[in-house]
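Report on the structure given below.
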Amino acid sequence: MKRIIPLFVATLTSFFVLAGLIWPVSLGGYLNIVLDWAIIVGAMALLVAIAHLFLAQWRKIARGNRSSFYSLVFVIVFLLSLGGGLVMGVDDPEYRLWISSIQKPLEVSLLGLAAVVMAGAGVQFYRTRGWSPLTVAFGVSALVFLVIDLGFLQVLNSPPVNAIIKTLQMLPLIGARGLLIGMSFGALIVALKALTGEGVGND
Amino acid sequence: MTEELRDCPHCGNKNLPTASRCVHCGLELEEFFSFEGQNDSGEVPLVPPGEEEGLPELLRDLQQPDLGGIFGEPKEGDTRPIGEEEQKTVSPAVPEWLSRVRERAKVEYPSGDPIRKTGAIETGKTDRDRVSQEFDAWIARLQESARREAMLKAKAVRSSGLNEEGVPDWLQRVRELHPKPEERPTEEVPLKADEADEEPKGWDSGWSEEDLEKLRRGEYQEPGKPASDHSEIEETADSDESDLAEAEEPPVEHQIAELDEESAAGDRIEPDISVKPEETAEVAESEPAESECEAVSEKKETEDLQPDLLLLKSQYERANLLKQLINQEGKASFTPRINPPARGGAAQIILALLMLIGVIGAVLIGDAVWPRPAVPALAAAAFKQSLENLKPGDKVLVVLDYQPAASADIEPGVTAVFRTLQEKKVEITLRTTQPTGLWLADSLRSGSSLETLPEPRLIPGGLLGMLKWAHYSPTNPVIRAATSDSGETMLSLHDFTRVLVVTDASLSIASWMEQVSHWLPPNSLLMITPSQEAVTLSVYYDSGQLGGYLAGMSDFASFDKLSALNAQVSYRAYQVGLLIMIMLLLLGFVVKADDDANRKQKLEAK
């Protein structure tokens, strides 16, 4: 029964959304109501997730583990952000500047670190993976596209070179389209499974 | 004979009057247990008055001859006299172990039935014979169940792998397969009523544990016998049970014809050369039968013990291996030491130097104009054309759906587009699907001199909210009625001439394209993304679902109005970064090739 009720609700909702999309004039207004419900449920789920995260960090602090310092930082920053938003309001320019001045440098630094790590991995890549068709193809293709992006070859303004570059730049498109086709099939199958309830409850 | 049988009170089936347990249902039938001539009233208390009756006291009393114990010297009145026939059998030349067994058998069977001569074939079975058969079957069942229990325990120990006493797993298994003597099931003999007072409730062969151990090792030497008489010792040392069986079973076992056939077929046992000619004739007659029976029982036991022996053998081999390993501990090993791979200190230094050079070079060289591509991309050209087609007063919705980390890759293009839109004097509506968009829009407005941009607002529900906006149909009267007083919340995407989405995630692109775009007029959806999303967007552009897009700096440069772009990015720094990555990849090639060459040289040297 625990599985049947959610499955029934999900199937019914999905069929209703499909019907609303097919007959928007008749069912469009009701579809908006259903979407509002979904938004409310999603927002509540987000609140529950935030509360769970906060409680988990709080329990770590109570246990006094070594990593509890980071939990303490998290809890303090969380409370400050929450309090600031409640008191000053989300639309307050000062509050926005405060949050933006913290979040933007942090995320950019994270990307910078990722670049450094990837650069190091470029050196160690062949030592750890060895020579194989896959690794060689990866290295060669990375080199080719890095050189093309440098723009030095385009300066030559040679028609044959430009044709070669154009051809090479089409290769990622081929791969991307293959990926998208695969993803579409996967999404279709998952949607059909969700509609029919197949695989629900199977661990 | 039938009229002598008794009914079981539980199942109602017939049982012998001497049976202690119903052979059909297993109910205890002690109340029916009686023998002919049994003196029920002659109860001799084993425990002295004033002492509690318990097992330790009982065992202690059994050791005291004056209380009638069987382990001490028997008193004349306590043990029954051995008949003349049996006295002849036990001659001084008989080995001591055999005499012990026979004495034991006589004590248990004073009437002498079990040790009757093997050549004497009885025409009919008495009740006692039946009791004996039942007892044999019972003992066999007990032994079988004990064996099964031992195997089950061994399996349980094997599967659990836990050992609370710190005993190794293999040793625990061996112990489980060989239970200690005190753990073996007590083979209780259905004692006759007149013997129950004198016999302990357990089998005792008259052999001490030390003697048995010596027998197993082949070191036992009988007093007054030469040590070379091994066959006799081996015959004796089989087990306690075999001794008992030898004492009790001969008359019955010797009458089994199949045994003789088996023996003749190939399982012939070597004649027991240890039997001395001085022994009496009846013993000599009974020995072939005994040896045959022993051979059969040994064969059976061997078959039963084969899995255990295999296990023991494997454990023995493992123990030997472990012993060798322990012996090797601390000794010099001749194995060549494997040098750990180099940590790549030089590579790390080169990597750090390259990055430093890149950063310093980018700072020193300064800004460089991002080159315009000679031929702009088709999608970028379509994007530009789409904006140029806008007229003053057209409504344009701009949705900010990106993270702060991607702002450096996106905002130069967004700034240029906003300026174009402002020049076109279109009406801009700014929305964001995530809270970060609120303060990103603020920084965008303040950093790019776009103060005239409207205030951004958050769309509740993110993409779901956008979907609600997308499929809103203005012709629906229900919706018209419901949204007459709340136009802001029921804003429709159909009201905008262009919808411009600024995003940095492939998932967001797919959601917009697959769930929202088909509700919009053709070519009204435009996108601005980082360069890595160009591949994804090109698919939708080629299929006609997307009106155009700008992906990355090259497209931004082709869009024109690059003054703002050049203020934020440096093409030289970008090139330096690419060069560093190229050099690192090449360095990886070289290092790997160098490693391979060194390894090859070492192999050749070996």
Side-chain angles (χ1 to χ4, degrees), chain A residues 20-21 24-26 28-32 35-36 38-40 42-43 90-91 93 95-100 103-108 110-111 115-116 118-120 122-127 130-131 139 142-143 146-147 149-152 154-155 157 162 172-173 175-177 179-180 183-184 187, chain B residues 341 344 347-348 350-351 354-355 371 373-375 403-408 435-436 438-440 442-443 455 458 460-462 464-465 467-468 471-473 475-476 478-479 482 490 510 514 534-536 538-539 571 574-575 577-582 584-589 591-593 595-596:
Chain A
L21 296 178
V25 176
S26 308
Y30 304 105
L31 188 58
N32 279 344
L35 285 172
D36 281 339
I39 290 169
I40 291 168
V90 182
D91 294 333
Y95 177 73
R96 287 183 183 178
L97 183 62
W98 169 24
I99 299 297
S100 176
Q103 192 176 9
K104 197 170 176 178
L106 277 178
E107 288 199 11
V108 173
L110 194 66
L111 276 186
V116 173
M118 287 179 71
V123 178
Q124 297 290 335
F125 179 67
Y126 290 99
R127 296 186 72 189
W131 300 111
L143 275 177
L146 284 171
V147 170
D149 279 351
L150 271 175
F152 295 161
Q154 288 86 335
V155 175
N157 205 10
N162 288 339
L173 295 179
R177 291 188 183 186
L179 279 175
L180 281 175
M183 285 167 62
S184 303
Chain B
Q348 287 177 356
I350 292 170
L351 173 65
L354 279 173
M355 294 209 167
V375 180
Q403 292 293 320
S407 59
T436 53
L438 294 174
W439 42 84
L440 284 174
D442 279 348
S443 64
E455 283 285 327
L458 180 70
L464 280 174
L467 184 61
K468 201 174 80 169
H471 75 81
Y472 164 66
S473 173
T475 57
N476 190 341
V478 178
I479 298 172
M490 294 305 292
E514 291 161 12
V535 176
T536 309
S538 66
V539 182
Y571 183 61
Y574 173 74
Q575 285 180 315
L578 289 179
L579 278 172
I580 290 173
M581 285 305 297
I582 290 169
L584 290 176
L585 274 175
L586 290 174
L587 188 65
F589 276 119
V591 169
K592 174 63 179 169
D595 280 353
D596 289 348

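Quick note on labels: first sequence line is chain A, next is B, and so on, each numbered from 1.
The shortest side-chain heavy-atom distance between A/Lys104 and B/Trp439 does not fall under the 4.5 Å cut-off. Annotation: side chain of B/Pro404 is not in contact with side chain of A/Val108 (no heavy-atom distance under 4.5 Å).
Rounding to the nearest 0.5 Å gives a distance of 5.0 Å between CG of A/Leu143 and CG of B/Leu585. For the atom pair CG (A/Leu180) and CG (A/Leu173), the distance works out to 10.5 Å, reported to the nearest 0.5 Å. Rounded to the nearest 0.5 angstrom, A/Leu111 CG and B/Gln403 CD are separated by 10.5 Å.
Note: B/Leu438 leads B/Leu438, B/Leu579, B/Thr536, B/Ile580 in heavy-atom pairs under 4.5 Å with chain A. Interface remark: of the candidates B/Leu458, B/Val539, B/Thr436, B/Leu586, B/Val539 forms the most heavy-atom pairs closer than 4.5 Å to chain A. With respect to chain B, the highest number of heavy-atom pairs below 4.5 Å among A/Asn162, A/Leu97, A/Leu110, A/Val116 belongs to A/Val116.
The part of B/Tyr574 that comes within reach of chain A is its side chain, from C-beta onward, which places non-hydrogen atoms under 4.5 angstrom from that chain. With a 4.5 angstrom heavy-atom cutoff, A/Leu146 touches chain B via backbone and side-chain atoms both. Within the 4.5 angstrom heavy-atom criterion, no atom of A/Ala43 approaches chain B. Looking at B/Glu455, the atoms closer than 4.5 Å to chain A (heavy atoms on both sides) all sit in the side chain, from C-beta outward. For A/Leu150, the parts lying under 4.5 angstrom from a heavy atom of chain B are both the backbone and the side chain. Using a 4.5 Å cut-off between heavy atoms, A/Tyr126 touches chain B through backbone and side chain atoms alike. When heavy atoms are compared at a cutoff of 4.5 Å, A/Trp131 approaches chain B by way of both its backbone and its side chain.
Contact record, B/Ser407 with B/Leu440: CB-CD2, 4.4 Å, taken as the closest heavy-atom pair. Here the shortest heavy-atom pairing between A/Pro105 and A/Ser100 reads CD-O, 3.8 Å.
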